[in-house]
Amino acid sequence: MTASISAIEELRLELPGLDWITDEGRVTRLSQDFSWFSPVLNRQLKDKRADVAVRPRTEDEIRAVVGACARRGVPITLRGSGTGNYGQTTPLAGGVVLDMTGYNAFLWMQPGVARAQAGIRLGELEKQTKPSGQEMRSMPSTYRSATLGGLFGGGFGGVGSINYGPLGAPGNVLGIRAMTIEPEPQVIELRGAEAMRMHHLWGTNGLVLELEIALAPAHPWLETLVTFDSFADALHFADKLANAPGIVKREIAFFAAPISDHLAQLAAHLPKGCHTVLSLVAESCEPAMLQLAEAHGGTVSYRRTAAEVQKSNRTLMEFTWNHTTLHALKADPTLTYLQSGFVPGRHVEQIIEMEQLLGGEVMMHTEFIRNVAGLMTCSGLQLVRFSTEERLAEIIGIHRARGVHINNPHVNIVEDGKAGGPLPPEVIEMKKRFDPMGLLNPGKLRDWPVKAVPAEV
């Protein structure tokens with residue numbers, strides 16, 4: 001523990017009415033996320049934990065905790081449900097984990113837009129919007145437990161990104177309400193591009209209270225698995241389906257063999273050694289999708305209508321994106337993964353090239369997505385047979401040398417991972433404006449090192 005015991009005790013004494021969590025096991029759990037997907041991060045972070053956690057339920061309670069921590073110089077790590085993968089919610093400097101899951105109200109909805117508090121779970125948000133015929137534009141596979149604030153602070157894309165791009169694409173997030181970290185916290189509304197200066201920064205430069213997001217028209221989605229004997233046939237079918245302008249879709253994922261062999265819950269539908277394309281298309285578009293599948297030699301091995309999915313409460317969405325990694329690691333805990341971006345227009349060529357270079361050691365899993373410019377491409381979430389950290393670095397280098405962008409999921413510094421280099425000046429200014437004391441998630445930004453907490457307050 002890093003924060004002085006006296007400072008933590010004084011926080012609890014000053015705010016006795018809050019839901020403080022002091023049990024060591026619960027605090028340890030709330031100090032972790034899914035960073036164990038990475039053997040590198042698992043080694044680096046397994047012993048890191050907060051001194052205490054607190055679960056506020058109102059803005060006044062959040063303001064009270066923030067102000068009290070700022071007056072004592074106690075670090076704050078923001079947390080939703082902890083479904084991230086990079087140790088975003090793991091404190092490097094002890095202090096307080098601020099669990100936002102109790103601050104979870106759905107606020108309002110209009111045609112094409114909704115607003116909610118940061119702690120709302122995404123599945124609950126969609127329950128509120130679906131009766132009006134609207135759904136989220138982009139939703140991670142962890143939607144049942146992931147929170148809206150967590151998606152904004154640490155998420156990228158998800159189911160729906162094939163239409164609307166990543167969450168950071170212009171127009172997907174319309175505004176946020178955020179709180180400064182200082183003795184007298186201020187609450188400020190940020191709109192458009194200014195709001196996005198807090199996106200995917202792991203809660204390091206502002207505490208987001210509310211988010212206003214754009215919605216998409218909802219459709220009854222048909223869920224299918226189409227299997228293939230040929231890697232190339234499966235990939236080309238997925239690409240043709242993704243680019244078919246008349247086929248309304250929400251999700252297309254490509255799993256090269258032997259990934260399907262690791263999806264135990266779907267084993268009855270996936271012949272051993274097959275290549276698989278998972279899709280959600282509008283039910284009205286099924287005939288066109290089947291025509292494409294037949295033309296590429298595919299076999300539909302699984303089919304569920306929207307009504308069947310709703311009745312069973314089992315959806316293929318929970319086998320996509322990093323849920324694929326989770327299912328695979330349950331079957332083989334020696335695996336790990338990469339996160340990659342392919343060049344639009346060259347993505348099929350690059351995927352085939354990487355399979356030829358690294359097939360067997362790196363298993364290809366790609367998610368079709370539009371980039372911020374609206375061009376169709378793929379995000380890769382390849383599975384890797386882990387041997388050593390040195391070999392993992394070599395594999396990353398092989399991708400980069402061939403023009404495949406790697407968002408390294410094995411680092412715990414923002415600039416080294418998704419940011420891919422120094423932070424833009426406007427993001428740095430946002431950090432100075434909303435966290436002038438450097439108390440938010442210290443150690444995760446290179447330019448704001450961990451500061452020692454005063455021994456006495």
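Just so we're clear, the structure is a prediction, and the values are computed from it rather than from any experiment. Numbers here are sequence positions counted from 1.
Put simply, the side chain of E24 does not reach to within 4.5 Å of the side chain of V27, judged on heavy atoms. At a threshold of 4.5 Å between non-hydrogen side-chain atoms, the residues L280 and L278 count as touching. In this structure, the side chains of T227 and H275 stay at 4.5 Å or more apart for every pair of heavy atoms. In this structure, the side chains of P220 and T305 stay at 4.5 Å or more apart for every pair of heavy atoms. For the pair P91/V97, a side-chain contact is recorded, criterion being any heavy-atom separation below 4.5 Å from C-beta on. With a 4.5 Å cut-off on side-chain heavy atoms, M354 and V362 do not count as touching. No side-chain heavy atom of L235 sits under 4.5 Å from any side-chain heavy atom of E355. Proximity of V226 to L241: side-chain heavy atoms (C-beta onward) are nowhere separated by under 4.5 Å.
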- Could you please spell out the steps behind the side chain to side chain contact (heavy atoms under 4.5 Å, CB included) verdict for D435 and N205? CA-CA 6 Å; D435 185 24; N205 69 341; 5.6 Å; no

- Query: Please walk me through it: do R391 and E394 pass salt bridge (charged side-chain N to carboxylate O under 4.0 Å, His left out)?
  - Reply: CA-CA 5 Å; R391 177 55 182 165; E394 288 177 1; 3.0 Å; yes

- Task: Walk me through it: do F319 and H327 pass the test ring pair (Phe, Tyr, Trp, His ring centres under 6.0 Å)?
- Result: CA-CA 7 Å; F319 292 87; H327 289 294; 4.4 Å; yes

- E367 and T320: side chain to side chain donor-acceptor pair (under 3.5 Å), yes or no, with the steps? CA-CA 8 Å; E367 298 281 345; T320 65; 4.6 Å; no

- Decide yes or no on side chain to side chain contact (heavy atoms under 4.5 Å, CB included) for L266 and T276, but give the supporting numbers first. CA-CA 11 Å; L266 298 175; T276 306; over 6 Å; no

- Task: Go through the steps to decide whether K130 and E126 satisfy the test salt bridge (charged side-chain N to carboxylate O under 4.0 Å, His left out), and finish with yes or no.
- Result: CA-CA 6 Å; K130 280 290 184 73; E126 274 215 334; 3.8 Å; yes

- Message: Go through it in stages, so that I can follow the logic: the residues are R121 and E124, the test is salt bridge (charged side-chain N to carboxylate O under 4.0 Å, His left out), and I'd like the CA-CA distance, side-chain angles, deciding distance and then a yes or no.
- Response: CA-CA 5 Å; R121 285 178 166 81; E124 177 58 31; over 6 Å; no

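Atom NZ of K431 sits in a crowded spot, with more than 12 heavy atoms from other residues, nucleotides or ligands closer than 6.0 Å. Enclosure of atom CD in E361 by more than 12 non-hydrogen atoms of other residues, nucleotides or ligands within 6.0 angstrom is indicated. Taking a 6.0 Å sphere around CG of D19, one finds it holds more than 12 heavy atoms contributed by other residues, nucleotides or ligands. The 12-atom threshold is not exceeded at CD of E294, counting heavy atoms of other residues, nucleotides or ligands nearer than 6.0 Å.
Atom NZ in K249 sits 8.0 Å away from atom SG in C285 (nearest 0.5 Å). To the nearest 0.5 Å, the span separating OG on S284 from CE on M289 amounts to 11.5 Å. Interatomic distance, CG of L211 versus CG of L190, reported as 10.5 Å (0.5 Å rounding). Rounded to the nearest 0.5 Å, atoms CG (L18) and CG (D60) are 10.5 Å apart. Remark: R304 CZ to S312 OG distance equals 7.0 Å, nearest 0.5 Å. Note that CE of M100 and CG of L148 are 10.5 Å apart. Values are rounded to the nearest 0.5 Å.
Residues forming a ring-ring contact (aromatic ring centres under 6.0 Å, His included) with H199 (at least two apart in sequence, or on another chain): F152. Residues that satisfy the ring-ring contact (aromatic ring centres under 6.0 Å, His included) test with W221, not counting sequence neighbours, are H219. Partners of H269 under the ring-ring contact (aromatic ring centres under 6.0 Å, His included) rule, at least two apart in sequence or in another chain, are Y302. Take S230 and apply the side-chain hydrogen bond (donor to acceptor under 3.5 Å, both in side chains) test, not counting sequence neighbours, and it matches no residue.
Counting only distance, with no hydrogens or angles, the side chain of R63 and the backbone of P185 share a donor-acceptor pair below 3.5 Å. Of the possible donor and acceptor atoms, one in the side chain of E283 sits under 3.5 Å from a partner among the backbone N and O of A306. The backbone N or O of L92 sits nowhere less than 3.5 Å from a side-chain atom of K444 that would complete a donor-acceptor pair. Checking side-chain atoms of T315 against main-chain N and O of M317 turns up a donor-acceptor pair under 3.5 Å.
Residue pairs meeting the ring-ring contact (aromatic ring centres under 6.0 Å, His included) criterion with at least one member in residues 360-379, sequence neighbours excluded: F255-H365. Sorted by first and then second residue, the side-chain hydrogen bond (donor to acceptor under 3.5 Å, both in side chains) pairs with a member in residues 137-148 read R137-N172, S138-S161, S141-H323, R144-N313, R144-E318; sequence neighbours excluded.
Test W202, Y337, W36 against Y86 for ring-ring contact (aromatic ring centres under 6.0 Å, His included) and you get one pass: W202.
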